[in-house]
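Note: hydrogens, waters and symmetry copies are ignored here, and every other heavy atom, side chains too, is used. Here the structure is a predicted model, which means the values were calculated and not measured.
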Amino acid sequence: MIEFRDVAVRYGSEPLFEHASFKINAGERVGIVGPNGSGKSTLFKLILGEMSPDTGDVLHEGSPRIGFVRQHLQPAFPEQTLLQYCLDGIPGFGETERTIARLEEALTTERDSATKERMLRELGEAHTRFEQMGGYTLEARVKESLGGLGYETADFEKPFATFSGGWRMRAELSRVLASKPELLLLDEPSNYLDLPAIEWLQRFLRAFEGTLVLISHDRYLLRAITRLTLEVDGGTVTRYNGPLDYYLREREVRYRQLLQAKANQDRKREQLERFIERFRAQATKAAQAQSREKQLEKLEEIRLPARSRSAGYLRLPAAPHAGAEIVRLDNAAYAYPGSDRAIFSHLDLRIMNGEKIAIVGYNGMGKTTLLRLLAGVRAPTEGSVTFGYHVEPGYQSQDLAETMNPEESVFNTAKAAAGTLPERDLRNRLGGFGFDVEDCAKPVKVLSGGEKIRLAFVRLFLNPPNFLLLDEPTTHLDLEGREKLQQAVRDYNGTVVLVSHDVEFVRGTAEKIIEISHRGVRTFPGGYDYYLEKTASEVAPAPETPAVEADAPQKLSSKDLRRQRAQERAAKAPEVKRLKRRVAEAEAAIAKMEAEQDELTEALGNGTLDAQGLADAGKRLRALQFDLAKMTLEWEEAATALEALE
């Protein structure tokens, strides 16, 4: 489908990558990985034709319908609703829909037979285009994806411009997914998503039938979705014929081979240079020296992968001693100033020494607010927050790395938070996080995202905390950086509460989950997989079971157990019967509507309808689209509830 032939891209005299040759075949699921700034997004620009390579060719087989989700938002019309914005994302959809409406209206009044004939042909062609782009089911697909990404039904008609950047990015994702592209390009799609939305996205993408290319540092998405890996690093693009874990293993083998090859090449280069320097001026050796110079010129430099330093030195110092209880919330509530609606209320929560906890839930539900209450950065509007004995909170907000003065040096940035710490000790602390003398003189603005995170941790641990609170700490880290931060948090002997949209990071660090949802604030005394297991059955309410008498025996006999199960089945029987009837009725209605839809589509395409018939058929198809989507949702609801009972 896409082929790169000996492609090179340079910025000034510096090559971003050279001699890139690889194929992306139809139906493949490719993950593109590599350090920040290595050229991953540039590959997408080359595929889309937004830029041309300096040398080489980028070839497309056919003209695949491409869907692309960028890292950054595109401008939109301020008067558009959320639903309109998503529907307009399908190329030609709005124009085709307007053409059909215009022709249907014009045909009801047109009297000239020749003009009518021409308009009928145009209308038939428009209906064919509309069907090919999935127009009759498009609105249902858009609403399904919006719901999966966390939108409420009431949000569909709200102005798109009123949503925050994160929610607008979700809409961008929804409109691209609904367009049913043949080639789907996703550039860091999880950056603006919370954990529930990421779970939905990975389920959706696993069912996607086209060709998928994903740029991501999200190990969970890469493992769940991709089957091949392209690494962009060290000025090269390398294809690994396997998913993420295969790539990680083979990368280490290849890296060791490159190290050995480079060591051999460096020795040879040194020998040639020494010979040239020694014998260049001697007439008897001049020809041999010139020969060595030509050999030296022909040596093609072996460039090693950058091998991320984003968290290579991230080792968290030991936590000072603290009491058994770290922090306690009693009947706590919080509402923003001027708001009469509390984000949460009547919250009782205890965090004990050594616990590692992740706060999860949809964006906007109050995760960061709860983290700030636990850190003492904000006070509850009701109730109290009480810290335990010798507790020293250390709070790192998700924008802490961005609030540092970009013009200030690394050393001065750390010094501003060091108090009276001697300069020698401060430099030792910086060295412990991987900043050498040269790094200390750099301005903050030239640091990578991972280096900024390390500098933020230096400042945080100048006065070591024993209660660490982290808000989206992996946002600016690449694959290697995320793995090393995960290991550092796991090894840390203090207490940690974190908010993160990185599933693998949460899974690898948290031993307890606090969920904030429409159900309130709930605690799950286990890791992320335990939390998913416990919440998976909450699609439908669990049936009520008869209360057990206080003095009932703890162990039932087999006879009593059979009797109890029979009673439970009898209690469920009416509801099971009702749900089975609902499922059967819904399936019959769906089958009937799909048959009618097929008949109308065939009639629109074979040219047998007159003007009025075409207009009526088009209107009926649009009505069927709505009815079919509604009935499908009813079927899903009944089938899910029935599955939970049976």
Taking C-beta and beyond as the side chain, do [X] and [Y] meet within less than 4.5 Å on heavy atoms?
X	Y	result
V213	L43	no
V33	I215	no
L184	T211	no
R223	E504	yes
V497	I514	no
I32	L214	no

- E122 and R118 ion-paired at < 4.0 Å: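 Yes, E122 and R118 are salt-bridged.
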- Message: I'd like to know if E355 and K512 make a salt bridge, using a cut-off of under 4.0 Å between side-chain N and carboxylate O.
- Response: yes
Provide the closest heavy-atom pair for [X] versus [Y] in the form atom of the first, atom of the second, distance.
X	Y	result
K367	Y362	NZ-O, 3.3 Å
P189	L201	CB-CD2, 4.2 Å
C86	A171	SG-O, 3.6 Å

Looking at [X] and [Y], would you say the former's side chain and the latter's main chain have a donor-acceptor pair under 3.5 Å?
X	Y	answer
T81	Q84	yes
T229	G242	yes
S345	A342	no

- Can you say whether the rings of Y240 and Y247 are parallel (under 30°), tilted (30 to 60°) or perpendicular (over 60°)? perpendicular
- On the 0 to 90° scale, with breaks at 30° and 60°, tag the Y334-Y336 ring pair as parallel, tilted or perpendicular.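 Rings of Y334 and Y336: perpendicular, as their planes differ by over 60°.
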- Sequence neighbours excluded, which residues qualify as ring-ring contact (aromatic ring centres under 6.0 Å, His included) partners of Y246?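 Once residues adjacent in sequence are excluded, Y246 has no partner under the ring-ring contact (aromatic ring centres under 6.0 Å, His included) criterion.
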- Task: Could you go through the side-chain contact (heavy atoms from CB on, under 4.5 Å) check for R29 and L228 one step at a time?
- Result: CA-CA 6 Å; R29 295 167 171 268; L228 298 164; over 6 Å; no
- Message: Under the side chain to side chain contact (heavy atoms under 4.5 Å, CB included) test against I2, which residue among K23, H60, E28 passes?
- Response: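 Among the candidates, only H60 passes.
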- Message: Could you go through K356 and E511, starting from their C-alpha distance and side-chain angles, then the distance that decides it, and tell me whether this counts as salt bridge (charged side-chain N to carboxylate O under 4.0 Å, His left out)?
- Response: CA-CA 6 Å; K356 292 185 171 65; E511 299 161 352; 5.4 Å; no
- Message: Looking only at side-chain N and O atoms, does D194 offer a donor or acceptor that is under 3.5 Å from a partner on H501?
- Response: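 Not at all, the side chains of H501 and D194 share no donor-acceptor pair under 3.5 Å.
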